[in-house]
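All remarks here apply to the structure that follows.
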Amino acid sequence: MARLNISTIPTAVAEIIAGIILGKSFLNIIASNSEITMLSNLGVTLLMFLSGMEINFSLFKRDNKKKKSNAKEVNPPKVAILSFVLVVIFAAILAIILKLLGLFSDIMLATIIFSTVALGIVIATLKEKEILSRPIGQTILLTAVLGEVVPLLLLTIYASINGGNAGQLWLIVLLFVAAIFLLNRFRGPYHWFNKISKSTTQLDIRLAFFLIFTLVTVAERVGAENILGAFLAGMVMKLLEPSEATMDKLTSIGYGFFIPVFFIMTGVNLNLRSLLTNPSALMLIPILVIFLLVAKLPVFVVYRRNFNLRNSWAGTFLVMTTITIVLPTLQVARKLHAISATQSDAFTLAAVIVCILGPILFNARFKLTIEDKIKERVNIIGTNLMTVPVAQELRDNWYNVKMFTHLKNNYDTYKSRVAKLTLVDEMNESSLEKSGAFNADLLVAGLRDDEDNIRIGHLAKTKGVKRVIVSLINPTPERVKRVADQGIEVFNQFNVETSVLRSLIESPSILKILNDTQNGLYEVTVRNHRYTGQKLMNLEFIDKMTISRIRRDDKWLTPHGNTIIEPGDHVIFTAKVKDVTKIREELGREN
């Protein structure tokens, strides 16, 4: 791919193509055996585990009582659920049409196959595009999750009914009970694990594999598909809130070795020679390809209401990919003698074709827009000569700033200067919650009354706001201790002025840095795995920034060229304003 300068094909798809070339279809260099099959099974297991770990559960905790504004708020779970419901309806209709044409008679099996989405390839594509944490990335991901989990459950039901084990379907509930039990059992000890997990113990990785093997074993014992157990294990691990370093290690283990074996062997096991010599299979393949594509078209209708035209088509193309669940589905169907070998190979080849087309069309169409970028939600309580200038100077492409006041005179004075200013009845819990003041990533209590600021800061913490800053005019030791004990940050204008004056005396250039409109001092938290493990000197944009300090695990580091970047590092740097946006986006984006 590098030699031919091919960048539109995802690595997973390239691995399937490599398997086709090296397998029985062409060169016949690779043949399946027990050892390779075991590695392939571990690959699909880890693929499903990492898929479960990619779900952003905070999306389901969002408060729906948001004040309406001109900016459109995308709700990924709602968009994904509606999209997939329409996909299932279309899949059932297409399955009926297929039966009426006399090409395939099993409606339920065809519905399952037409509604599946290749979650592994979707995740790999989104990761390579580095948009997994964006609103559109999370929407596509959740649509793919439904396209994997729901068919998995339907496949389990299908296999039980056709295998004569319908009376044991209730046992699947035990799998979910086991997942909940493990989550509760390890929620407390996991924090202890993090404190003692050294390089020779790796307790976080041991726990991950324990969860995988336990839930996969339970899944097999209760009659469910083992990949459903692996997926639930990933969800449990995600809910335990692993560190970025842990997720990076697990991703490296999976995508570095085991998962590629699964994708390559998928191509190896496909016999194109026998398939292409069968006239009935050749007639079935184009019809199946069209049906697999058409089944996902309702996704575009829903996406178009939330994203632009270009990216709506791109997202639709990506969720058209289907291979992961199709393979075990066909394997189960063959065991039940519900499908012929020719039909099975036709479905497989059609899925491979769609799997290749979908990501290529997505990469060709997708373009990240300003609306797709995640902005930090900053809510400022109180409008005065201190807070209003700050709200005006925060950059629109980084922050979504809202201000709240209970004073009518202040509202009339500042409403023309502040884009999003809300007048609340009173500064009490019910009024602030009703106005959406606590729907923020960062809340600043900037009233002119210290006790009111402390009270609002405490309320914000109890409502789940991640960062809270309170302004204290009279920062007595008792007040500072009350605030610090709640994990709230303190801003005091007197201390700031004293610090600036001291810095101005000791370092005369400090005032120039603070007042410089062309350069500034900035901070970014490293989340992009593309740059973790690299030396600072190797950053492609290191010539456009000067790194002064790095905070890692509450310790300050003095950086040098050979300093290795780690996930979660807080990098303090200076740069020109025109370069800061790109630097923060590159280092800070989640993928």
Side-chain angles (χ1 to χ4, degrees), residues 25 83-119 146-169 172 223-225 227-228 266 269-299 319-358:
S25 297
S83 300
F84 187 71
V85 168
L86 294 177
V87 166
V88 173
I89 294 173
F90 259 59
I93 293 173
L94 292 172
I96 294 172
I97 294 174
L98 203 62
K99 182 177 181 179
L100 294 176
L101 293 174
L103 297 174
F104 193 71
S105 60
D106 197 323
I107 294 177
M108 185 173 181
L109 183 60
T111 302
I112 293 173
I113 294 175
F114 290 148
S115 60
T116 59
V117 181
L119 179 59
L146 292 171
E148 189 113 303
V149 175
V150 175
L152 263 177
L153 294 173
L154 291 176
L155 177 60
T156 302
I157 296 171
Y158 174 86
S160 298
I161 294 174
N162 288 273
N165 298 321
Q168 298 181 0
L169 273 174
I172 298 175
E225 293 298 320
I227 49 180
L228 178 59
T266 297
N269 293 327
L270 185 64
N271 192 343
L272 291 183
R273 291 184 180 180
S274 62
L275 188 63
L276 297 177
T277 56
N278 191 318
S280 60
L282 288 175
M283 181 180 66
L284 185 59
I285 290 170
I287 296 175
L288 292 179
V289 170
I290 293 172
F291 278 26
L292 285 169
L293 296 175
V294 172
K296 309 299 177 18
L297 285 181
V299 172
V319 298
M320 286 177 177
T321 58
T322 176
I323 190 70
T324 311
I325 302 300
V326 170
L327 300 178
T329 299
L330 295 173
Q331 186 177 13
V332 170
R334 286 196 299 271
K335 289 180 180 179
L336 297 172
H337 304 290
I339 189 173
S340 67
T342 300
Q343 291 172 329
S344 177
D345 287 345
F347 271 108
T348 302
L349 182 57
V352 169
I353 293 172
V354 172
C355 207
I356 294 172
L357 288 176

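- Proximity of L349 to V289: side-chain heavy atoms (C-beta onward) are nowhere separated by under 4.5 Å.
- When every heavy atom of L86 is checked against every heavy atom of P298, the shortest pair comes out as CB-CB, 3.5 Å.
- Put simply, CD1 on I113 and CE on M108 are 11.5 Å apart, with the number rounded to the nearest 0.5 Å.
- Between T322 and F114, the closest side-chain pair of non-hydrogen atoms is not below 4.5 Å.
- To the nearest 0.5 Å, the span separating CD1 on I112 from CG on L153 amounts to 10.0 Å.
- Between S115 and V88, the closest heavy-atom pair is CB-CG2, 4.4 Å.
- More than 12 heavy atoms of other residues, nucleotides or ligands shown are found within 6.0 angstrom of CZ on F104.
- Atoms CG and CG, on L109 and L155 in that order, are 8.5 Å from each other to the nearest 0.5 Å.
- Residues V117 and K296 approach most closely at CG2-CE, 4.2 Å, considering heavy atoms.
- For D106, the side chain to side chain donor-acceptor pair (under 3.5 Å) partners at least two apart in sequence or on another chain are Y158.
- Between V319 and the options V299, V87, L146, a side chain to side chain contact (heavy atoms under 4.5 Å, CB included) holds for only V299.
- Minimum interatomic distance between F347 and I339 (heavy atoms only, all atoms of both residues): CD1-CD1, 3.9 Å.
- Just one residue in the list L297, V294, L357, L292 forms a side chain to side chain contact (heavy atoms under 4.5 Å, CB included) with M320, and that residue is L297.
- Taking 4.5 Å as the limit, every side-chain heavy atom of T111 sits out of range of all side-chain heavy atoms of L154.
- Counting all heavy atoms, side chain and backbone alike, P151 lies closest to T116 at CB-CG2, 3.5 Å.
- Taken from CD1 in I93 to CG in L98, the straight-line distance is 13.5 Å, to the nearest 0.5 Å.
- Interatomic distance, I107 CD1 to I97 CD1, rounded to the nearest 0.5 Å: 11.0 Å.
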